[in-house]
Amino acid sequence: MESDGTPESTCNAVVPAVATHNNFSTNKWIKLNVGGKIYTTTIDTLVGREPDSMLARMFLQDAGGMMPSERDEQGAYLIDRSARYFEPIINYLRHGEFVCESHISIKGVLEEARFFGIYSLVTHLEEKLGEQEQLVDDRPLTRMEVIKAIIQTPSITELRFQGVNLAGADLRKLDFRNINFKYANMSRCNLSHTNLNYCCLERADLQNANLECAQLVSVRGLCANMEGANLRGCNFEDPTGVRSNLEGVNLKGACLEGSNMAGVNLRVANLKNANMKNCNLRAAVLAGADLERCNLSGSDLQEANLRGANLKDAELALMVTPLHMSQAIR
């Protein structure tokens, strides 16, 4: 379309070759009064990008038969909608890009876009809101959010953080007794001096987490991923005799130095390159465990079950009690 010299505010708009209503031409400038705020635009802007929208039908009789709304004292067409949410819509019609100030609700703009029938914008905003909701869902919980959940949960009710994202959270010195963390993402968490007694850590991701001096009495950590984790000085032993179950756990490269692991079930666990110096492993079950290059020097393995364990290149110096062949042979 050739310009007649009148300023235009559209960009790459698809404009009908002929558009008539009350002698309007597509490059005619008009005023809209939306919720008390005046907008100056052209018919081209209102009809070019979304010719089937309600806005277009207001000014193109042939497209839908709607008459323009009443006018105010200045001659602006009155539209009883929110100016706050209309402005991003009119700008979208002008240049085809959605631009919205941070203080304006995208959900509010979406509702106005639906009202005006700007369906290309509706689709874009629905996708954008979906992405935002996904980001919110994936965001790790903070220390304060976790504490709030603990405080608000009655003591007689089981608190479940199953599958929750806690990656990198500072959770040190908190009381998590009896909480269900199954499948939770706790990688890089600071859980030092935390009470995790009787917790469910089954298949939880604790990779590179700091659990130094944590209480892990009777914990259930079947197939949990604790690769590279710091478990120095932890206590796993339950005085009542209930074993902590870490069967199939991944403790590759983890530090367990000085931990009390008496009676712990570490059957078929991956303990490659783990530091288990000076650990109490009395009556622990290490059958089928991979202890290749594991440092067990100074540890107490009295009555421990090591049958079928891989002890290749393991460090067994200065052990508290001698390792009997019957412990390591099937």
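Heavy atoms only: backbone and side chains are in, while hydrogens, waters and symmetry mates are out.
Here the closest non-hydrogen pair linking S299 and N278 is OG-N, 3.4 Å. Minimum interatomic distance between V242 and D238 (heavy atoms only, all atoms of both residues): O-CB, 3.2 Å. Nearest heavy-atom pair, G258 versus C279, reported as atom, atom and distance to 0.1 Å: N-SG, 3.9 Å. Across all non-hydrogen atoms, the minimal contact from V219 to L196 is CG2-O, 4.1 Å. Closest heavy-atom contact between L231 and A254: CD1-CB, 4.4 Å. Closest heavy-atom contact between R243 and G263: NH1-O, 2.7 Å.
When atom types are taken as modelled, the side chain of S244 and the backbone of L216 share a donor-acceptor pair closer than 3.5 angstrom. Under the 3.5 Å distance criterion, the side-chain polar atoms of Y39 are matched with a main-chain donor or acceptor of A83. Between the S105 side chain and the K107 main chain, a donor and an acceptor come within less than 3.5 Å of each other. Of the possible donor and acceptor atoms, one in the side chain of H95 sits under 3.5 Å from a partner among the backbone N and O of N91. For the pair T40 (side chain) and K31 (backbone), a donor-acceptor distance under 3.5 Å is absent. Between the side chain of E50 and the backbone N or O of L93, no donor-acceptor pair lies under 3.5 Å.
A donor-acceptor pair shorter than 3.5 Å cannot be found between the side chains of R177 and N197. Side-chain contact check for S82 and E112: no donor-acceptor pair (N or O, by modelled atom type) lies under 3.5 Å. Counted by atom type alone, Q162 and N180 present one or more donor-acceptor pairs between their side chains at under 3.5 Å. A donor atom on one side chain and an acceptor atom on the other are found under 3.5 Å apart for N280 and N260.
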Under the side chain to side chain contact (heavy atoms under 4.5 Å, CB included) criterion, do D52 and Y119 qualify, and how do the steps go? CA-CA 9 Å; D52 296 324; Y119 294 114; over 6 Å; no

Between V264 and L281, is a side chain to side chain contact (heavy atoms under 4.5 Å, CB included) present by the stated rule, with each step listed? CA-CA 7 Å; V264 172; L281 288 161; 5.8 Å; no

Dump the intermediate steps for side chain to side chain contact (heavy atoms under 4.5 Å, CB included) on N33 and Q74, then the final yes or no. CA-CA 9 Å; N33 183 335; Q74 299 177 358; over 6 Å; no

Before you tell me yes or no, could you show the steps for N265 and E247 under side-chain hydrogen bond (donor to acceptor under 3.5 Å, both in side chains), namely the whole-Å CA-CA distance, both residues' side-chain angles and the distance that decides it to 0.1 Å? CA-CA 6 Å; N265 179 6; E247 185 171 336; 3.3 Å; yes

Would D290 and L271 satisfy side chain to side chain contact (heavy atoms under 4.5 Å, CB included), going step by step from the backbone distance to the final call? CA-CA 5 Å; D290 190 348; L271 289 154; over 6 Å; no

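In this structure, F161 and F181 have parallel ring planes: the angle between them is below the 30° cut-off, well short of the 60° mark.
Note: the hydrophobic cluster containing V268 does not contain F236 (ILVMFWY, side chain heavy atoms under 4.5 Å, direct or indirect links). Linking Ile, Leu, Val, Met, Phe, Trp and Tyr whenever their side-chain heavy atoms come within less than 4.5 Å puts I90 and Y77 in one cluster. With hydrophobic clusters built from ILVMFWY side chains whose heavy atoms lie under 4.5 angstrom apart, L78 does not share a cluster with I38. Note on F176: it does not cluster hydrophobically with Y183, by side-chain heavy-atom contacts below 4.5 Å among ILVMFWY residues. Cluster membership for I151 and L159, using ILVMFWY side-chain heavy atoms within less than 4.5 angstrom, is shared.
Distance check: N295 CG to D313 CG gives 12.5 Å after rounding to the nearest 0.5 Å. With values rounded to the nearest 0.5 angstrom, R94 atom CZ is found 11.5 Å from D44 atom CG. Here CG of L121 is found 10.5 Å from CZ of R114. Values are rounded to the nearest 0.5 Å. Atom CG of L32 and atom CG of D72 lie 10.0 Å apart (nearest 0.5 Å). N225 contributes atom CG, which lies 12.5 Å from atom CE of M186 (distance to the nearest 0.5 angstrom). One distance of note links CD of E227 with CG of N270; it measures 7.5 Å at 0.5 Å rounding.
In this structure, R232 pairs ionically with E257, as a charged nitrogen and a carboxylate oxygen lie closer than 4.0 Å. In this structure, K148 does not pair ionically with E145, as no charged nitrogen and carboxylate oxygen lie closer than 4.0 Å. We find that R282 and D300 are joined by a salt bridge, their nearest charged nitrogen and carboxylate oxygen being less than 4.0 Å apart.
No side-chain heavy atom of R220 sits less than 4.5 Å from a side-chain heavy atom of L222. F116 places none of its side-chain heavy atoms less than 4.5 Å from the side chain of S53. Between F86 and K37 there is no side-chain heavy-atom pair separated by less than 4.5 Å. Using a 4.5 Å heavy-atom cutoff, the side chains of I30 and I43 are in contact. Residues L291 and N310 are not in side-chain contact: their nearest non-hydrogen atoms beyond the backbone lie 4.5 Å or more apart. I79 has its side chain within reach of M58: a pair of non-hydrogen atoms, C-beta onward, lies under 4.5 Å apart. With contacts defined as side-chain heavy-atom distances shorter than 4.5 Å, the pair E111/Y85 does not qualify. The closest side-chain heavy-atom distance from M261 to L266 is below 4.5 Å.
The side-chain contact (heavy atoms from CB on, under 4.5 Å) test with N210 singles out one residue from L171, D170, N190, and that residue is N190.
By the neighbour-count criterion of 12 heavy atoms within 6.0 Å, atom CZ of R172 is sparsely surrounded, having that number or fewer from other residues, nucleotides or ligands.
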